[in-house]
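Worksheet for the structure shown next.
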Amino acid sequence: MDNEKIAKVLGQLADLLEFTGANAFRLRAYRNGARKIKELPESISSLVDQKSDLVKLDGIGKSVAEKCIELCETGKLKQMDELLEEIPSTVLDLLNVPKMGPKKAAAVFHELGVENLEQLKAACEAGEVSQLSGFGKKTEQAILDGIAIAVAANERILWSAADKIVTKLRSHMQNCTAVGGLEFAGSYRRGKETVGDLDMLATSTDATAVMDHFAEFEDITSTIVRGDTKMSVRLDDEFQVDLRVVPEESFGAALQYFTGSKEHNVQVRSKAKQLGLKINEWGVYKIDGETEQWVAGTTEADVYKTLSLPCFEPELRESRQEFDWAELDQLPDLITVEDMRGDLHMHTTASDGRASIREMADAARQRGLEYIAITDHSKRVTMANGLDGQRLLAQWKEIDAINAAAEDDFVILKGVECDILENGDMDIEDDVLQHADWVIASVHYGQNQPRQQITDRIVGAIANPNITMVAHPTGRLLNKREAYELDLNAVFQAAVEHGKLLELNANPIRLDLKDTYLAAAKRNGIPIVINTDSHRPAGFADMRFGIKQARRAGLTKSDVANTKKVNQLLKLIGKA
DNA sequence: GCCGTTTTCGGCCCGACTGTTTTCAGTCG
């Protein structure tokens, strides 16, 4: 059983227990444990096999550890099965309905026998829900409206898609003279790979004018709430945008507060409490008996400074290691787009790209890059017109000629994205590969193979002396396809043993490796390569998505191989 | 249920908004 699954079961267990009115802190402990397990690069299942003491892991105590062991050894939880005899699992779907929390869901379940969304809809339409204590006509209607949303809008959108909405909203809001500062907080600002909603923050002395202006945004289809300082709307019947309007002196506090993450803020505010301070979205207050005195809030840096903390980069605010790093004065100096010198994964018209070698090279030059690698698909990828040995050798000859004729120092490396075949063989013969500067190995077929088999394929490729890097190592596509079953620790070990590199694919739907895996690769000392996998010149712009992801992993310039000058890179991979 | 440079027991972040209420519970972020 993989970590993802274990985390999911623990989360469901917490949800079910919430129906039974369990202690809120116990639920938090389960959910916190689930989060930690989900982010863990080591497989819990392997740790259990090795009889490692799970309690040593942060956030995992005796109880969660026992549940992990039970899950790994039997594939299920006795406690969970017992709960499911009382509460059907479909009841958990009720929690996806906006304005339906555990209390309301428990009420309709216990008092009306509602077990799923369909029955909830029927009960609302029959007017039964509004008869319950604590419910009224408005709540009933809100639930009815919410059922459609629960079905349609529970998918998070890609960061890149959120960024497009932000650009449009920003330009709309800047036409409002009442708006002073404007910033987008939340998971968008932290650069998470997907975004659930947008948190827009504005400073103004006239909140009404700001909200009125916001209400005119063309994509708004409904208003969820509107108060004195807060307004929430839905765009295109799905995506939610929240607006908060605060005075200028609260901008930093509000930005800190709404950027989150929730777990990061819990730590920040706990720390404040220890120091006799209170932090909310309006500022930092010194508590003196009964009185509260405002001491900071204009900028985020001021807020953190009152706690003797550095102003963490938003990408690091996940309550992972940032507080430990701060304590040791070891916060990483995060990588930026400007640090990048090369891009080592791209396609041309020879396979499934849309531009020639020269066009790709010129586009890279214009972006200020110093080198690229041309890495078209190998022959197994027939759909993409992949190249065989003969065509590759011809292409590399062409690249030699282009390099020789170049009037500047820009370098095109001769490469290939070589398929790792289902049986573990490489798609291109070694006597061809050995003439390349840069060989990417990647899996495109047989992604559903069992864990051991697919791990062996990738580990085998890493052991091949002609291979330089493994591309998109887990194969996941955000919101579309799960990562393949892979023993990542084995892959890391092989990469370390053979001195190989791993890719962070910057394509916004891939972002593979994900942040916690990148951080684990870094701990192992494995160099990361951030590539756009461009199929056209405009594709180079995707580099910023990869950089966001790298920053979330705490990567610095020195952790990423293609920040090096080309001769240093070639030295690193043993080609110079 | 988890955790500990004041603690192995006693804490565990904080406020806006709504609807159903006569002072507050539930939901959300």
Side-chain angles (χ1 to χ4, degrees), chain A residues 10 13-14 17-18 21-36 54-68 79 94-108 129-143 146 149 185-190 195-201 207 211 223-232 240-246 250 253-254 256-285 287 292 303 307 319 327:
Chain A
L10 285 174
L13 180 62
L17 282 169
E18 196 160 17
N23 178 292
F25 295 110
R26 188 175 156 213
L27 303 178
R28 181 195 286 183
Y30 285 155
R31 288 179 178 137
N32 190 40
R35 186 179 72 98
K36 297 282 184 184
L54 298 179
V55 177
K56 284 192 183 128
L57 298 169
D58 185 38
I60 312 254
K62 190 163 164 278
S63 172
V64 173
E66 281 171 2
K67 288 179 172 56
C68 287
Q79 186 186 6
L94 304 182
L95 297 173
N96 291 331
V97 178
K99 300 193 168 89
M100 284 281 280
K103 295 287 194 300
K104 286 204 164 72
V108 295
V129 171
S130 56
Q131 301 299 311
L132 297 175
S133 159
F135 291 74
K137 275 288 166 201
K138 283 198 171 178
T139 302
E140 189 173 68
Q141 187 58 46
I143 291 171
I149 293 165
S187 55
Y188 168 76
R189 183 160 180 249
R190 300 201 309 281
V195 174
D197 62 15
L198 278 177
D199 301 288
M200 181 165 62
L201 191 64
M211 289 195 274
T223 299
I224 303 165
V225 295
R226 176 166 174 171
D228 295 335
T229 64
K230 178 185 168 174
M231 176 169 165
S232 295
Q240 183 171 333
V241 181
D242 299 334
L243 165 67
R244 282 296 284 262
V245 187
V246 297
S250 294
Q256 195 284 324
Y257 188 99
F258 290 109
T259 296
S261 64
K262 190 171 142 192
E263 292 81 5
H264 175 90
N265 281 356
V266 166
Q267 286 213 43
V268 166
R269 298 201 281 272
S270 297
K271 196 167 169 101
K273 210 169 176 178
Q274 287 167 18
L275 296 171
L277 299 167
K278 183 181 79 173
I279 299 186
N280 59 29
E281 63 264 56
W282 304 102
V284 183
Y285 300 83
I287 311 274
E292 293 179 354
V303 171
L307 308 176
S319 182
E327 184 92 2

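Not measured: the values here are computed from a predicted model. Protein chains get the first letters and strands the later ones, always in sequence-line order, with residue 1 at the start of each.
- Atom CG in A:Asp242 sits about 9 Å away from atom C1' in B:dC28, given to the nearest Å.
- Only the C1' atoms considered, B:dT18 is 15 Å distant from B:dT23, to the nearest whole Å.
- Rounded to the nearest 0.5 angstrom, A:Leu243 CG and A:Met200 CE are separated by 4.5 Å.
- At a cut-off of 3.5 angstrom, the base of B:dG29 holds at least one donor-acceptor pair with the side chain of A:Tyr257.
- To the nearest angstrom, P of B:dG4 lies 13 Å from CD of A:Glu327.
- Residues A:Val246 and A:Tyr257 have side chains not in contact (no heavy-atom distance under 4.5 Å, counting atoms from C-beta outward).
- Within the shown strands, nothing qualifies as a pairing partner of B:dT8 under the Watson-Crick or G-U definition with both distances less than 3.5 Å.
- In this structure, A:Gly61 and A:Met231 both approach DNA chain B, and ranking their closest nucleotides by distance from the 5' end singles out A:Gly61.
- Spacing between B:dT21 and B:dC14 at atom C1', rounded to whole Å, works out to 23 Å.
- How far NE2 of A:His264 is from CD of A:Gln256: 5.5 Å, rounded to the nearest 0.5 Å.
- Between A:Gln79 and A:Leu17 there is a side-chain heavy-atom pair separated by less than 4.5 Å.
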Nucleotide N/O to protein N/O under 3.5 Å, stretch nucleotides 19-26 of chain B:
from   : atom 1 : to       : atom 2 : distance (Å)
B:dG19 : O3'    : A:Thr139 : OG1    : 3.1
B:dT20 : OP1    : A:Gly136 : N      : 2.6
B:dT20 : OP1    : A:Gly136 : O      : 3.2
B:dT20 : OP1    : A:Lys137 : N      : 3.4
B:dT20 : OP1    : A:Thr139 : N      : 3.4
B:dT20 : OP1    : A:Thr139 : OG1    : 3.2

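- Under 4.0 angstrom from either OP1 or OP2 of B:dG15 there lies no side-chain N or O belonging to A:Thr229.
- Across the protein-nucleic acid pair, A:Leu243 atom CG and B:dA16 atom P stand 15 Å apart, rounded to whole Å.
- The nearest whole Å value for the distance from the CG atom in A:Leu307 to the P atom in B:dC14 is 12 Å.
- The listed nucleotides are B:dG15, B:dC17, B:dG1; the one nearest the side chain of A:Ser63 is B:dG1.
- Per the geometry, CG belonging to A:Leu57 stands 15 Å off C1' belonging to B:dC3, to the nearest Å.
- Checked against salt bridge (Lys or Arg N to Asp or Glu O under 4.0 Å), A:Arg28 has no partners two or more places apart in sequence or in another chain.
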Could you list, one pair per line, each protein nitrogen or oxygen that sits under 3.5 Å from a nitrogen or oxygen of nucleotides 7-12 of chain B, together with the distance?
from   : atom 1 : to       : atom 2 : distance (Å)
B:dC12 : OP1    : A:Lys273 : NZ     : 2.4

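- Classification of A:Arg31 and A:Glu18 as a salt-bridged pair holds, one side-chain N sitting under 4.0 Å from a carboxylate O.
- B:dT20 and B:dA25 are spaced 16 Å apart, taking the P atom of each and rounding to whole Å.
- Across B:dG29, B:dG1, B:dT18, the shortest atom-to-atom separation from the side chain of A:Val225 is found for B:dT18.
- Distance, A:Asp199 CG to B:dC28 P: 15 Å, rounded to whole Å.
- Comparing B:dC2 with B:dT6, their P atoms are spaced 24 Å from each other, to the whole Å.
- In this structure, the separation between CD on A:Gln267 and OG on A:Ser261 is 9.0 Å, given to the nearest 0.5 Å.
- Side-chain N/O atoms of A:Trp282 include one lying less than 4.0 angstrom from OP1 or OP2 on B:dA16.
- Comparing A:Asp228 and A:Pro98 by the nucleotide of DNA chain B whose heavy atom lies nearest to each, the residue mapping closer to the 5' end is A:Asp228.
- Judged purely by atom type and a 3.5 angstrom limit, A:Arg244 has no side-chain atom pairing as donor or acceptor with the backbone of A:Asp199.
- The distance between atom CG of A:Leu13 and atom P of B:dG1, rounded to the nearest whole Å, is 10 Å.
- The distance from atom CD1 of A:Ile224 to atom P of B:dT27 is 16 Å, rounded to the nearest whole Å.
- With C1' as the reference atom, B:dT22 and B:dC28 are 25 Å apart, rounded to whole Å.
- The two residues A:Asp242 and A:Ser232 have their closest heavy-atom pair at OD1-OG, 2.7 Å.
- Taking the C1' atom of each, B:dC3 and B:dT7 are spaced 10 Å apart, rounded to whole Å.
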